[in-house]
Each structure stands twice: as structure tokens, then as C-alpha cells.
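One structure is given below, encoded as C-alpha cells.
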Amino acid sequence: MAEIEQSGGSASRYPKIRVTKRSTRIDMTPMVDLTFLLLTFFILTTAFKKDRALPLTMPDKPDKNSILPVMPASGILNLVLDKNDRIYWWIGLDPPVQATNYSREGVRTILLERRKAVPELMVLIKPDGECRYENIVDILDEMAIARVARYAVVDLTADDRNMISQRPSGSEIGGGRIN
């Protein structure tokens with residue numbers, strides 16, 4: 001609300017015509033109330049940043065009486081993620097280990113070729129304890145792009161480390177990091 005204060009004129013015999021100065025006083029209470037109402041409205045109706053999570057489909061635990069499917073060794077692709085942005089891979093249990101740098105072409109080509117050869121391909125992703133989380137996410141993205149339905153993230157064993165250290169020196173393919 002606004003109020004206008006007027007000063008009283010002097011009671012003289014000959015009044016002078018004078019312009020009186022009027023001061024205004026604005027009551028800010030309704031504006032402050034409106035500001036807080038709008039602030040409260042926008043805070044309560046704002047959609048805050050939602051957490052992004054990587055969706056993983058986990059299988060149900062098998063019953064004690066259920067028979068688990070047997071997977072041939074030729075249908076298993078092992079991918080070991082290294083701390084130096086490299087992937088070591090082999091097919092089966094202990095054939096020669098091959099290495100590739102993180103590249104879309106290298107990893108995707110391996111996955112697509114193996115999936116074409118073995119439609120029921122099972123990929124075992126074995127991250128090293130020192131590999132970057134980004135590399136694991138990249139590999140899981142490649143699984144979705146190559147439409148590999150069956151994969152698992154498992155621990156790296158001592159046998160896997162021995163196989164990697166004893167691999168032949170000329171078994172490298174690919175290049176560049178996944179961006």
C-alpha cells in the first residue's frame with residue numbers, strides 16, 4: 001500500500017501559493033510475500049538433476065534342483081580390461097591371448113565376428129583392479145551396440161594374469177581409445 005503524507009499549510013493571513021513536497025512511502029510487505037511465494041513455488045516444482053545409473057539385468061538365482069546350461073568353450077569370449085587402457089581377449093579356456101587397445105573398431109569387430117560365429121555367445125568381462133571405471137562402462141556400451149545378450153562381469157583370476165603375462169608379443173590389433 002502506498003501512503004502520501006501531506007504537510008499542513010501555515011495559517012497566515014495572506015497565504016502564499018506554494019508547491020508542497022509530498023513524500024511517498026511504499027509498503028513492501030505484499031511484494032516480499034509475493035517473492036517468497038514465487039520462490040517457494042519454483043523450488044518445489046523444479047526437477048532436480050536425476051542420478052544416471054547404468055542399467056544391468058541380473059539373472060535370477062537358480063534353484064537347487066534346476067539344471068544349468070552347459071556352455072562349450074568355443075562359445076566363451078574372455079575380455080580382460082587392463083590399467084593401461086588395453087583389452088586382452090581370448091576364446092575358450094586357454095588359447096593364445098590377443099591384445100587390443102581400446103578402440104571402437106577393434107572391440108566391436110571382435111564382438112560382432114564372435115557373435116556371428118556363435119549366436120549364443122557368452123562374454124566374460126574381467127576388469128583389472130586398477131582399470132578405469134570409464135573403460136568398464138565403454139565395454140558395457142559395446143555389449144549393447146553389438147547386441148550381445150549374455151555377458152558377465154567377473155573377477156580376474158591368477159590364471160588369467162599368467163596367461164596375459166605369457167602371451168606372444170606379436171598378438172596385438174586395433175588402436176586408439178574409445179571416446
Side-chain angles (χ1 to χ4, degrees), residues 39 41-179:
L39 182 65
F41 172 76
F42 286 120
I43 287 175
L44 293 176
T45 59
T46 300
F48 293 105
K49 180 181 173 186
K50 296 184 173 143
D51 292 334
R52 295 183 344 177
L54 185 65
L56 285 178
T57 306
M58 302 300 288
D60 295 331
K61 290 188 178 185
D63 295 333
K64 293 180 181 178
N65 300 332
S66 65
I67 299 171
L68 297 176
V70 177
M71 190 77 192
S74 63
I76 297 175
L77 175 64
N78 296 283
L79 297 176
V80 176
L81 309 178
D82 191 357
K83 65 180 177 182
N84 298 324
D85 293 338
R86 298 182 65 73
I87 297 176
Y88 299 99
W89 63 277
W90 64 91
I91 299 165
L93 298 176
D94 33 87
V97 176
Q98 297 181 350
T100 180
N101 290 331
Y102 280 104
S103 71
R104 286 193 164 92
E105 296 80 25
V107 174
R108 197 172 295 162
T109 303
I110 294 167
L111 291 173
L112 290 174
E113 286 176 359
R114 288 308 306 159
R115 207 190 85 202
K116 188 183 289 184
V118 181
E120 293 295 319
L121 178 67
M122 175 68 181
V123 179
L124 299 178
I125 303 168
K126 301 175 181 183
D128 189 353
E130 298 175 5
C131 83
R132 297 185 310 163
Y133 179 73
E134 176 186 2
N135 296 341
I136 297 171
V137 172
D138 290 341
I139 289 298
L140 293 176
D141 287 342
E142 290 299 321
M143 293 296 149
I145 291 169
R147 296 188 179 145
V148 176
R150 297 172 49 178
Y151 57 89
V153 179
V154 297
D155 292 330
L156 187 64
T157 63
D159 293 336
D160 296 332
R161 290 183 197 275
N162 288 339
M163 288 173 55
I164 291 170
S165 65
Q166 297 172 359
R167 73 179 178 83
S169 61
S171 61
E172 298 186 6
I173 63 170
R177 263 197 36 68
I178 291 180
N179 293 328

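Computed from a prediction, not measured in an experiment: that's the story for all the values here.
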Please enumerate all residues that pass side-chain contact (heavy atoms from CB on, under 4.5 Å) together with [X], with sequence neighbours excluded.
X      : value
Thr157 : Asp159, Asp160
Val137 : Leu54, Tyr133, Asp141
Ala152 : Met122, Leu124, Val154

Check whether any side-chain heavy atom of [X] sits under 4.5 Å from a side-chain heavy atom of [Y], and report yes or no.
X      : Y      : value
Glu142 : Val148 : no
Leu111 : Ile145 : no
Ile136 : Cys131 : yes
Ile125 : Met143 : yes

Arg115 side chain vs Ala146 backbone, donor-acceptor pair below 3.5 Å
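Side chain of Arg115 to backbone of Ala146: a pair is present.
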
Here the pair of heavy atoms bringing Val118 nearest to Gly75 is CG1-CA, 3.8 Å

Give me the atom names and distance for the closest heavy-atom approach of Ile110 to Trp89.
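Nearest heavy atoms, Ile110 then Trp89: CD1-NE1, 3.2 Å.
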
Only one of Leu81, Asp82, Asp128, Asn78 clears side-chain contact (heavy atoms from CB on, under 4.5 Å) with Tyr88; which?
Asp82

How far apart are the C-alpha atoms of Asp85 and Arg132, what are their side-chain angles, what is the distance that settles it, and do they pass the side-chain contact (heavy atoms from CB on, under 4.5 Å) test?
CA-CA 8 Å; Asp85 293 338; Arg132 297 185 310 163; 3.5 Å; yes

Hey, is CD1 on Ile67 packed in by over 12 heavy atoms from elsewhere, all under 6.0 Å?
no

